[in-house]
Number of protein chains: 2
Amino acid sequence: MEKQTVTIYDVAREAAVSMATVSRVVNGNPNVKPATRKKVLAVIERLDYRPNAVARGLASKRSTTVGVIIPDVTNIYFASLARGIDDIAMMYKYNIILTNSDDAGEQEVNVLNTLMAKQVDGIIFMGNHIDDKLRAEFKRAKAPVVLAGTVDPQGDTPSVNIDYAAAVEEAVTALIKRGHEKIAIALGPLSQSINAEYRLAGYKRALNKAKLPYDDSLVYEAGYSYDAGTKLQPVIADSGATAVFVGDDEMAAGIINASVESGISIPDDLEVITSNDTIVTQITRPAITSITQPLYDIGAVAMRMLTKLMNDKELDEKTVTLPYGIVRRASTKSAE
Amino acid sequence: MEKQTVTIYDVAREAAVSMATVSRVVNGNPNVKPATRKKVLAVIERLDYRPNAVARGLASKRSTTVGVIIPDVTNIYFASLARGIDDIAMMYKYNIILTNSDDAGEQEVNVLNTLMAKQVDGIIFMGNHIDDKLRAEFKRAKAPVVLAGTVDPQGDTPSVNIDYAAAVEEAVTALIKRGHEKIAIALGPLSQSINAEYRLAGYKRALNKAKLPYDDSLVYEAGYSYDAGTKLQPVIADSGATAVFVGDDEMAAGIINASVESGISIPDDLEVITSNDTIVTQITRPAITSITQPLYDIGAVAMRMLTKLMNDKELDEKTVTLPYGIVRRASTKSAE
DNA sequence: CAGTTTGGTGTAATCCATTGCAAAACACTC
DNA sequence: GAGTGTTTTGCAATGGATTACACCAAACTG
């Protein structure tokens, strides 16, 4: 017993009007006589008619669907952006096709092509690195692309971010002011521009302004995970650094716990500042001082921009920079 | 300068064959002479033709898209399931339309209807409670539905879970064996069957078997969040309970931190066991003993079941129960 | 009151593929 | 070379909407 589908044609017949009129009623086109509208709506109600979005998409060339590429949904940072994206998308009646890319270039390109095949009206891309191949794909795409929480040093693609370099600079400068001279920095892969070209640059700038020497051996590269942090901690301890800036909250949590366990007092022996202000920063003991970012808003603003682009409107600014802050918790000493 | 689209018709013309043949080549239909196939593939390559998935969906009545309803992507528990779902979906060439429901019945129904309008081939539903309204919608849907990490006490809908009641019973029994007589239980809303009909039932069973009295006032209802945990902690402390089972990891983290801060020693004064073994359980100090669940697999198995249903195959079992475990960490004393 | 707008509705083309059926092409057999 | 059986291929219907265009009727204009 196949579940049969009610089509616009059925409605037209029952209501004794043409398909065009039914379509107008469904789409809220004002050029329909109120009496006709009422009659059609009654039939729609009676037959429980629901427009087929696929057919609609084919005819109108708009799928009211946007593609979202995310490195990993289980990463709280990106998941928070995704939440902002979805909420705004829903507000504008768009749906989200969400796909994990694992930050892998090849996979990103693949996914992008699948999304284009599905005729998404736009794409929001999240990732840690944009390379030429990706840029080329973005150009090739018929749909607009917006980057969320993702930097493209070349700035071709519209994007929403905070000023990572300035945030790191401010955080590190605060450490310097408290007298630290050996400040380590633990980041994700330096092959990713967010780390190499923004965070590290901010760190260098802070050192520079304070006329402190930049020392390669205080720069650490690790994975974005708790375990990576615990493994990295002894190395940092050996370096003699008295403070560390960390590029990922889970990594920072790993460093904190491993430090405490090996008898290092935080913040007395080592001050720690991290980057994303996720819930993790409140759970550790001591809790972690962090750069704060409007995560939800980064996603939300990116989606708002995308809706504009999808409707062929101009963007006020192509590269949006939202404000960041720094929230002090117990992993750093109070400023004097 | 409109970006023009290459259609199957263009390919057919250029290759001097019919659309049907092109379609066969694209879909890997074996009834094509190798020479023809090669010729068509060459043209496809040259024109950079990519099939329009929407048109394909309309003609074939399959969208190769599945809907996924999730309470909140930023919840690590559900996000982990989603990751399993997406990986398997991708393996079977399906895409995921992901939508947040906030666990709100009305929103869930809405979203379900939108997904059906988009002609998804199947739906994976995650949530904390299934009511009659939802069950009715599931029946009405033309596409199969599978529940992931979500119980339906009536068991109409295929689902993948662990045996929550047994897990809680085992955890609480272990506490009882260590001599606890006043064991509190902190859960999410009791209006949700996972809490009222499974976790609480397991708790009662454990007490029952040990002939301990069941005391209403040791049952706490709170939100699934860190803050809810910190707020709940003083109440638990006042109850005189010497151990507590918690239904959510973030809530447990809140209870732990608030306890430690108010001078309560964990596990000496209060033992804590939680439910989901997310990364949070490793980050707190003490780390939290937890029921372990194969989160990724719950999602993955659910998606596998859905692919079977979408291809009209029979399910071996409709209600799949995956194994759980209990991992001891520092928030409980070692068993003697 | 003829002439022009405007409003409401229908006709039919279009969107881009899939697919059942029929025909053509080819290979064999006797 | 006719007859039979397979492969290949094409024709054309189909899926369920949107939308340009045409048309008629009602309302307005001077």
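It should be emphasised that the depicted structure is a prediction, and the values quoted were computed from it without experimental measurement.
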N/O (side chain, B:N27) to phosphate O (OP1/OP2, C:dT18) under 4.0 Å: yes
Assuming nearest nucleotide by heavy-atom distance, tell me which of B:M19 and A:K33 is located more 5' along DNA chain C. A:K33
Should B:T65 and A:K118 be marked as a side chain to side chain donor-acceptor pair (under 3.5 Å) after you check the CA-CA gap, both sets of side-chain angles, and the distance that decides it? CA-CA 9 Å; B:T65 303; A:K118 295 243 161 151; 2.9 Å; yes
To the nearest angstrom, how far is B:K118 atom NZ from D:dG15 atom P? 23 Å
Indicate whether any N or O donor in one side chain lies under 3.5 Å from an N or O acceptor in the other, for A:R62 and A:N311. yes
Quick check on the 6.0 Å ring-centre criterion: do A:F125 and A:F138 meet it? yes
Categorize A:N31 for me: base, sugar-phosphate, or nothing, with a 4.0 angstrom heavy-atom threshold over every strand shown. base
Between D:dT9 and B:T36, is there an OP1 or OP2 to side-chain N/O distance shorter than 4.0 Å? yes
For the helix from C:dC1-D:dG30 to C:dC30-D:dG1, what is the angle between the axes at its two ends, each from 5 pairs, rounded to 10°? 40°
Output the single nucleotide from C:dA17, C:dC15, C:dG10 whose closest atom is nearest the side chain of A:A59. C:dC15
Within the 4.5 Å heavy-atom criterion, are B:V66 and B:I96 side-chain neighbours or not? yes
Starting the side chain at C-beta, find the nucleotide from C:dT9, D:dT19, D:dG16 nearest to A:A55. D:dG16
Output one letter per nucleotide in nucleotides 22-27 of chain D: B when a protein non-hydrogen atom lies under 4.0 Å from the base, S when only the sugar-phosphate is that close, - when neither is. ------
Is B:K61 close enough to D:dT14 that one of its side-chain N or O atoms is under 4.0 Å from OP1 or OP2 there? no
Taking only the side-chain nitrogens and oxygens of A:R56, find out if one of them lies under 4.0 Å from OP1 or OP2 of D:dG16. no
Write down the distance between OH (B:Y9) and C1' (C:dT14), rounded to a whole number of angstrom. 14 Å
Do the side-chain N or O atoms of A:S18 get closer than 4.0 angstrom to the phosphate oxygens (OP1, OP2) of C:dG10? yes
Considering just the side-chain nitrogens and oxygens of B:Y49, establish if one lies under 4.0 Å of OP1 or OP2 belonging to C:dA17. yes
Could you please name the option among C:dG10, D:dG16, D:dA17 that lies closest to any side-chain atom of B:L58? D:dG16
Looking only at heavy atoms, what is the nearest atom pair of A:L147 and A:I130, with distance? CD2-CD1, 4.0 Å
NA contact type, B:V17, heavy-atom cut-off 4.0 Å: base, sugar-phosphate, or nothing? sugar-phosphate
If only side-chain N and O atoms of B:S23 are considered, is one of them under 4.0 Å from the OP1 or OP2 phosphate oxygen of C:dA17? no
Taking OP1 and OP2 of C:dG10, is either one under 4.0 Å from a side-chain nitrogen or oxygen of A:T21? yes
